[in-house]
Every structure is written in structure tokens, then in C-alpha cells.
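Since the structure comes first, as C-alpha cells, the remarks are kept for the end.
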There are 2 protein chains.
Amino acid sequence: MARKHITPGKIRLTEVAKLAGVSPITASRFFRNPDALSAGKRARVESAAKELGYVPNLAARALASQRTEVIGVLIPSLTNNVFADVLRGIYDALDGSRYSIQLANTRYSILQEERLLRLFLAQKPAGLIVTGINQTADSRRIMETVDCPIVQIMEVGPSPIDMMIGFSHFDAAKAAIAHLLAQGNRRIGFLGARMDPRVQRRLDGYRAAMTEAALFDPQLIVTTAIPTSVTLGGTLFADLLAKTPDIDAVFCVNDDLALGALFECKRRHVAVPEQMAIVGFNDLEFMASSEPTLSSVRTNRYEMGRNAAMMVIETLEGRRPTDPVVDLGFSVMERQSSARRS
Amino acid sequence: MARKHITPGKIRLTEVAKLAGVSPITASRFFRNPDALSAGKRARVESAAKELGYVPNLAARALASQRTEVIGVLIPSLTNNVFADVLRGIYDALDGSRYSIQLANTRYSILQEERLLRLFLAQKPAGLIVTGINQTADSRRIMETVDCPIVQIMEVGPSPIDMMIGFSHFDAAKAAIAHLLAQGNRRIGFLGARMDPRVQRRLDGYRAAMTEAALFDPQLIVTTAIPTSVTLGGTLFADLLAKTPDIDAVFCVNDDLALGALFECKRRHVAVPEQMAIVGFNDLEFMASSEPTLSSVRTNRYEMGRNAAMMVIETLEGRRPTDPVVDLGFSVMERQSSARRS
DNA sequence: CAATCGCTTGGTAGCGCTGTCAATATCGGT
DNA sequence: ACCGATATTGACAGCGCTACCAAGCGATTG
């Protein structure tokens with residue numbers, strides 16, 4: 001005999017089955033596919049489970065069935081507000097479902113991402129949500145061969161691994177610049193921090209729009225690898241102004257930078273928008289209530305997370321979404337900070 | 001025979017043991033307590049595992065050992081920046097350790113918290129991190145009988161369930177008011193949103209400080225159950241000003257409200273700090289770089305998360321912290337928005 | 001030299017659940 | 001009344017790992 005024998009009070013599936021007067025297998029089916037039971041047994045098992053306060057042992061289930069009900073989520077940052085919204089969407093979508101989330105932070109490193117991916121896949125997740133479309137070649141190969149729904153979030157692009165939901169950062173940035181140009185601005189600066197792949201594509205969109213307008217000038221661009229912050233927005237804006245004092249507008253790759261730039265303008269008594277137009281990116285809540293209100297590009301982060309999780313669930317339940325690639329779009333929110341000068 | 005027989009390529013502990021020329025049990029010990037092996041076997045198992053790319057099956061481990069290496073984390077909100085910092089601390093502390101995190105969102109409901117708690121405990125977590133000291137009586141009873149390290153975070157108080165790390169919201173608010181009083185303010189308003197237990201205690205601290213100074217007036221208090229936002233800060237400030245136009249300062253229960261109040265002041269051409277002093281709470285990054293810079297009460301959120309996770313791990317490894325209750329304190333950051341009028 | 005001790009190693013028997021397949025019950029159609 | 005088809009149910013074995021106990025072994029001791 002190997003170990004201490006059965007703890008008396010413990011409630012296993014067997015106990016529920018016994019009380020309900022059915023076989024353990026039937027009780028098991030009740031929890032996984034109740035429709036397969038006759039109405040009578042279904043009711044008996046249900047009340048027995050409730051009476052005993054039965055909670056399934058997920059480890060045993062995972063071991064026996066060779067799969068889990070865990071959806072792995074790989075995001076590059078826990079601090080960034082953008083991902084907080086996405087996560088909230090994911091958690092909301094999974095709330096009340098049988099699935100749970102395993103979250104991991106790649107810290108903007110695709111090698112770290114690959115490591116975490118291997119770790120996740122070893123535990124046979126039910127599904128996977130990964131950020132962006134820039135994975136290592138190995139990561140991609142691994143994900144292509146694995147048999148579970150995978151959603152790439154935050155942006156759309158060609159050749160999804162499986163499914164994809166996001167928007168075009170290139171188009172979004174281009175639209176922001178188009179707006180600034182339409183308001184009569186000519187010397188439009190670019191402020192970028194962190195410079196992850198999605199921010200790079202916003203820079204590409206900026207470059208394309210400016211080149212089309214024959215207004216491109218590399219001197220207008222200030223970027224850094226440092227993580228973003230409001231303080232950094234002020235610093236970068238000061239740098240830009242030092243390099244190119246004749247700018248009439250600035251496009252910031254996110255709202256923190258935009259807010260920092262606004263504060264820096266106030267410190268320097270540069271009137272916004274009269275002397276300087278500002279546009280941010282993401283449209284965080286505060287943009288609409290600053291003074292002046294700040295223009296931004298609205299992105300649908302909560303919906304992105306929510307839909308991504310729903311796409312995974314639907315696939316798992318056999319109702320695979322008709323279109324594997326969803327473009328959630330964006331909208332340029334035109335506010336006081338980029339209003340046309342009178 | 002019950003099911004398809006052994007998948008050929010699958011690497012189990014048995015395979016590693018075979019290659020290393022030891023029994024499975026010895027291989028198993030290598031992963032859990034390498035020091036118990038002789039140096040020779042340890043090296044052999046290690047190289048065998050690496051050669052085969054072995055990854056332990058956590059479900060099997062959990063089932064056989066009757067425990068998991070998952071630390072449950074219950075927080076009230078995913079959106080709130082405050083918890084993002086705490087979470088980052090927790091994830092950082094657990095990074096590279098054997099433990100992983102299971103996160104759940106109570107949405108500021110202690111009933112929801114109790115439900116999630118039962119769910120977690122059914123899976124025998126290695127440890128638990130819960131927010132605050134206001135649990136339901138049932139939750140408390142359950143946690144007191146369960147045999148795993150538990151850390152209550154965000155605040156300190158009497159009678160911890162097990163361990164506790166945080167600071168006194170009462171004292172922190174009182175110190176903020178003391179600062180405002182020291183700067184010569186007399187009619188100090190209070191702006192509160194969400195009004196969760198910790199915010200309530202900040203209100204208590206405010207009331208105590210104002211009463212001590214014989215300046216308390218309920219008309220100075222504006223609160224709402226609505227979740228916080230910058231926009232709400234502006235709205236509440238407008239309400240306060242409508243009720244009590246003669247205020248000379250305002251204490252906001254968080255930085256979002258403070259920023260909203262600042263913007264509202266700008267819109268109304270109320271000079272900060274000349275006509276209106278503002279103090280926030282938490283000291284988020286942007287407070288130091290706004291124009292004017294905003295005073296706030298700095299709290300050590302990242303350290304709180306990090307230490308909480310470390311306290312759990314240390315207890316699990318038999319090195320229980322000497323003091324179960326850790327007060328991380330706070331500091332009043334005095335900036336331009338509450339500078340003494342010249 | 002037998003008795004004792006500490007360290008390392010292995011054998012056995014499950015942990016609680018579910019995949020597979022066979023057995024049985026039920027039903028409509030001829 | 002018989003047949004095959006469909007809906008329900010159950011028996012069995014085993015998922016991959018570890019708790020428990022016991023045994024092997026060299027060193028130490030009186």
C-alpha cells in the first residue's frame with residue numbers, strides 16, 4: 001500500500017455518482033456535456049453535486065483528457081494602459097465560461113515570447129492569444145503545428161498563423177497626419193518611444209503621409225527606445241523643438257507622450273493649438289477631458305480583447321468565425337488640440 | 001485496453017530516467033529537490049532532460065502531489081493603474097521561480113471575491129494574495145482554515161488572516177491634509193470616487209485631520225460610487241465648487257481625479273496653486289511632469305506586489321518572514337500644486 | 001565485529017478523472 | 001413481431017507523476 005488512504009470528507013466524482021445513483025462516468029458527462037444525459041439522471045446528478053458542494057479536480061481532468069481549459073495570453077507589458085484594456089476585454093469574455101487565463105509578460109522581447117510559448121504549449125492550452133505579428137521564425141513554426149486556436153491581436157497583417165484581430169497602425173498614423181495636414185499644418189513632428197513593431201509601423205504611416213505631401217524631413221522625427229511616460233513626452237518634445245524650432249504640429253505615438261508634450265507647451269507658454277497642434281494615439285480616457293482637449297486616434301482595445309477571447313471560445317466549441325481576420329479599425333478624434341487656427 | 005497506446009515521441013519522466021540510467025523516482029526528485037541526489041546522478045539526469053527537451057506535466061504533478069504551484073491573486077480591478085503596478089511587482093517576483101499566477105478580478109465585490117476564493121481553493125493553490133482587509137465573514141473563515149500562505153495587500157490593519165503588506169490609508173490621507181493645512185489652507189475640499197473600503201479610510205483620515213483643526217464641514221465633501229476617471233475629477237470638482245465656492249484647496253482620493261480637477265481649474269481660469277491647491281493620491285508617474293506639477297501621496301505599489309509574492313514564496317520554502325505584517329508607509333510629495341501662496 | 005546511523009535509491013500503488021468501446025434501452029417503420 | 005437506428009449508460013484501464021516505505025550501502029562507534 002502506497003499512501004494514506006482516502007481522506008474521509010473528500011468529495012470526488014465517485015461520491016456524487018453514488019449519491020445520484022449513477023456510474024461515475026455518467027456523472028462526469030453531466031459536467032462536460034449535460035445534453036447527453038436523460039433528463040432524470042441529469043437532475044439527480046445536479047442536485048447531488050450541489051448537495052455535496054462538489055468541485056471538479058482540474059488537475060485530474062487535465063491529466064485524463066490530455067488537455068486543459070486554460071487560454072494562454074502573451075502580452076508585452078503589464079504597465080501599459082493599452083494592454084490593461086485588452087486584458088479587461090479578455091477577462092470579461094471568459095467570465096462565467098469554463099475557461100481560465102494564464103497570463104505571461106514578454107517584456108517586448110520576442111525571444112522571451114518564444115520561451116514562454118514553449119512553456120505554455122507543454123501544458124496543452126485550450127487556446128492562445130499572442131500580441132502582434134512579429135514572432136520569431138521558431139515561434140511561428142511551433143504555433144503553426146500546434147492544434148489549438150490561436151489569435152494574434154493588436155494589429156492585422158498578411159498570413160495569420162490562425163486568426164487575427166486588430167487594426168492597421170500604418171493606416172491609423174497616416175490618417176492622423178492627414179488630419180493635421182488638412183488643418184493646415186506643414187511642419188509636423190513625430191515623437192516616438194519604445195519603438196516596438198507597432199510603433200514602427202506608425203512611423204512608417206507618418207513617413208508615407210508626409211512624403212506624399214512632399215513635406216517629409218527626417219529632422220522632424222525624434223524617437224527613443226526608452227519606455228513611454230508623460231515625463232518622456234515632455235523631454236522628447238523639448239528635443240524636437242531644439243532640433244526643429246519651426247514645427248507647427250506634433251504627432252505622438254501614444255497619449256502619454258501627447259500629454260507630456262502638452263504640459264511642456266504650457267511650461268514654455270506655447271499656445272495649443274494656436275502655435276502648436278498635438279495629436280496622440282489610443283484615445284485614453286483623459287484625452288477628452290484635458291484642457292485643451294487632446295486629439296487622438298481611437299482604437300478599440302476592449303473590443304479587441306473581448307473578441308479575441310470569443311474567437312478562441314467559438315473555435316473550441318466548433319463554431320469557428322467565418323472570417324479569421326478581423327479589422328477593428330480606428331477613428332481620428334478631432335479635438336481642440338488640433339483645431340484649425342482661426 | 002482503454003485507449004490508444006503510448007504516443008511514440010512523447011517525452012515523459014520515464015524516458016528521461018531511462019536515458020539517465022536511473023529510476024523514474026530519482027529523476028522526479030531531481031526536479032523537485034536536486035540536493036537529495038548524488039552529484040553523479042544529478043548530472044546524468046540533468047543532461048538527459050536537456051537532451052530530450054523534457055518539460056514536466058504539471059497536471060500529473062498536481063494530481064499526484066495533491067498541490068499545485070499556482071499562486072492565486074484576487075484584485076478588484078484590472079483597469080486601475082494602481083493594480084497594474086502591484087501586478088507587475090508580483091509577476092516580477094515570480095519570474096524565474098517555479099510558481100505561476102492565477103489572476104481573478106473581483107470587480108470590487110466581496111461576494112464575487114468569496115465565489116472566486118472557493119473556486120481557487122478547490123484547486124489547492126500554493127499560496128494566495130488578496131486585496132484589502134474587508135472580506136466576508138465566510139471568506140475569512142475559509143481562508144483561516146486553509147493550509148497555504150496568504151498575504152493581504154494594499155493596506156495594513158489589525159488581525160491579519162496570515163500575512164499582510166500595505167500602508168495606512170487613514171494616516172496617508174491625514175498626512176496629506178496636514179500638509180495642506182501647513183501651507184495655510186483652511187477650506188479644504190474632499191473629492192472621492194468609487195468609495196471602496198480603502199477610499200473610505202482616506203475619507204476617515206481627512207475627517208480626522210479636519211476635525212482636529214476645527215475646520216471640518218460636511219459641505220466640503222463630494223463623493224460618488226462611480227468608478228474614477230479624469231473626466232469625473234473635473235465633474236466632481238465642478239460640483240464641489242458649486243456647493244462651496246470658497247474652498248482654497250482640494251484633496252482628491254486618487255491622481256486621476258486630481259488631474260481632472262487641475263484641468264477644470266484651467267478651464268475656469270482658476271490659478272493653481274495661487275487660488276486653488278490640489279493634492280492627489282498614489283503619485284502616478286504623470287503627477288511629477290504636469291504643469292504645474294501635482295502634489296500627491298506616494299505609495300509603494302510595485303514593492304507591495306513584489307514583497308507580497310516574495311513573502312508567499314519564502315513561506316513555502318520554509319523561510320517564513322519574521323514579521324507577518326509589513327507597513328510600507330507612504331510619503332507626501334509636495335509639488336507646485338500645493339505650494340504656499342507668496 | 002555487531003550495532004547503529006545517515007544518506008541515497010528504488011518499488012509499489014495510487015491521485016481523480018475521462019477516452020474508448022461495448023452493452024443496453026428505446027423507438028419508428030414495415 | 002422483427003429489424004436496424006439512435007439515445008443512454010457503464011466497465012475498464014490508464015493519463016504522468018509522486019507519497020510512502022523499505023532496502024542498500026558505507027561510515028562510525030563501543
Side-chain angles (χ1 to χ4, degrees), chain A residues 1-45 48-49 52-69 98 122-124 126, chain B residues 1-45 48-49 52-69 98 122-124 126:
Chain A
M1 158 204 54
R3 64 188 65 190
K4 274 186 209 117
H5 264 218
I6 299 117
T7 332
K10 201 184 289 173
I11 294 133
R12 305 196 303 293
L13 194 53
T14 324
E15 274 69 47
V16 177
K18 204 167 288 171
L19 181 61
V22 300
S23 73
I25 232 55
T26 303
S28 166
R29 268 192 279 263
F30 168 77
F31 293 101
R32 291 175 295 146
N33 182 17
D35 295 338
L37 300 203
S38 63
K41 305 235 169 188
R42 185 163 47 227
R44 299 237 301 284
V45 176
L52 296 173
Y54 171 73
V55 181
N57 180 322
L58 298 185
R61 179 178 285 178
L63 181 59
S65 68
Q66 300 283 56
R67 52 192 163 66
T68 62
E69 285 166 352
R98 65 203 301 176
Q123 308 310 326
K124 307 225 175 63
Chain B
M1 156 203 56
R3 65 188 66 189
K4 274 186 209 116
H5 265 216
I6 299 119
T7 330
K10 202 184 287 173
I11 294 134
R12 305 193 304 296
L13 195 52
T14 325
E15 275 68 49
V16 176
K18 203 167 290 171
L19 181 61
V22 299
S23 73
I25 228 55
T26 304
S28 166
R29 267 192 279 262
F30 168 76
F31 293 101
R32 291 175 295 144
N33 182 16
D35 295 337
L37 300 203
S38 62
K41 306 233 169 189
R42 183 161 49 230
R44 298 239 299 284
V45 176
L52 296 173
Y54 171 73
V55 182
N57 180 324
L58 299 184
R61 179 179 285 178
L63 181 59
S65 68
Q66 300 284 57
R67 53 193 160 67
T68 63
E69 284 165 353
R98 64 204 301 176
Q123 309 309 326
K124 309 227 176 63

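Below, read A as the first sequence line, B as the second, and so on, with proteins coming before strands; counting in each chain starts at 1.
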Could you list the donor-acceptor pairs under 3.5 angstrom formed by side chains in residues 23-32 of chain B, with sequence neighbours left out?
{"residue": "S23(B)", "atom": "OG", "partner": "T26(B)", "partner atom": "N", "Å": "3.4"}
{"residue": "S23(B)", "atom": "OG", "partner": "T26(B)", "partner atom": "OG1", "Å": "3.0"}
{"residue": "S28(B)", "atom": "OG", "partner": "R32(B)", "partner atom": "NE", "Å": "3.2"}
{"residue": "S28(B)", "atom": "OG", "partner": "R32(B)", "partner atom": "NH2", "Å": "2.8"}
{"residue": "R32(B)", "atom": "NE", "partner": "S28(B)", "partner atom": "O", "Å": "3.4"}

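For S28(A) and dT18(C), the shortest distance from a side-chain N or O to OP1 or OP2 is below 4.0 Å. Contact annotation: R42(B) side-chain N/O to dT8(C) OP1/OP2 distance is not under 4.0 Å. Contact annotation: R12(B) does not reach the phosphate of dC17(D) (side-chain N/O to OP1 or OP2, under 4.0 Å). Between Q66(B) and dG16(C) there is a side-chain polar atom (N or O) within less than 4.0 angstrom of OP1 or OP2. Remark: Y54(A) is not in phosphate contact with dG16(C), judged by side-chain N or O atoms under 4.0 Å from OP1 or OP2.
Using a 4.0 Å heavy-atom criterion, one finds that R67(B) contacts the sugar-phosphate atoms exclusively.
Q123(B) and P56(A) get closest at one heavy-atom pair: NE2-O, 3.2 Å. Scanning all heavy atoms of the two residues, the minimum distance from I11(B) to V16(B) falls at CG2-CG2, 4.2 Å.
Taking atom CG of L52(A) as the reference point, atom P of dG16(C) lies 15 Å away to the nearest angstrom. Atom CZ of F31(A) and atom C1' of dC17(C) are 12 Å apart (whole Å). dC15(D) atom C1' lies 16 Å from atom CG of L58(A), rounded to whole Å. Remark: C1' of dC17(D) and CD of E69(B) are 12 Å apart, rounded to the nearest angstrom. As a whole-Å value, the separation of K18(B) NZ from dG10(C) P is 14 Å. Atom C1' of nucleotide dC15(D) and atom CG of N57(A) are separated by 13 Å, given to the nearest angstrom. The separation between R32(B) atom CZ and dG16(D) atom C1' is 12 Å, rounded to whole Å. What separates CD of E15(B) from P of dG16(D) is a distance of 9 Å, to the nearest Å.
Between the two ends of the helix from dC1(C)-dG30(D) to dT30(C)-dA1(D), each summarised by a five-pair axis, the helix axis turns through 30° (rounded to 10 degrees).
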Legend entry - salt bridge (charged side-chain N to carboxylate O under 4.0 Å, His left out) between K18(A) and E15(A), intermediate numbers included: CA-CA 5 Å; K18(A) 204 167 288 171; E15(A) 274 69 47; 5.0 Å; no
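The listed nucleotides are dC17(D), dG16(D), dC17(C); the one nearest the side chain of L63(B) is dG16(D).
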All N/O contacts under 3.5 Å from nucleotides 5-9 of chain D to the protein, with atom names and distances to one decimal?
{"residue": "dT9(D)", "atom": "OP1", "partner": "S38(A)", "partner atom": "OG", "Å": "2.7"}
{"residue": "dT9(D)", "atom": "OP2", "partner": "S38(A)", "partner atom": "N", "Å": "3.1"}

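For R42(B), the CZ atom is densely surrounded, since the number of other residues' heavy atoms within 6.0 Å is greater than 12.
Within the 3.5 Å criterion, the main-chain N or O of K124(A) finds a donor-acceptor partner in the side chain of T68(A).
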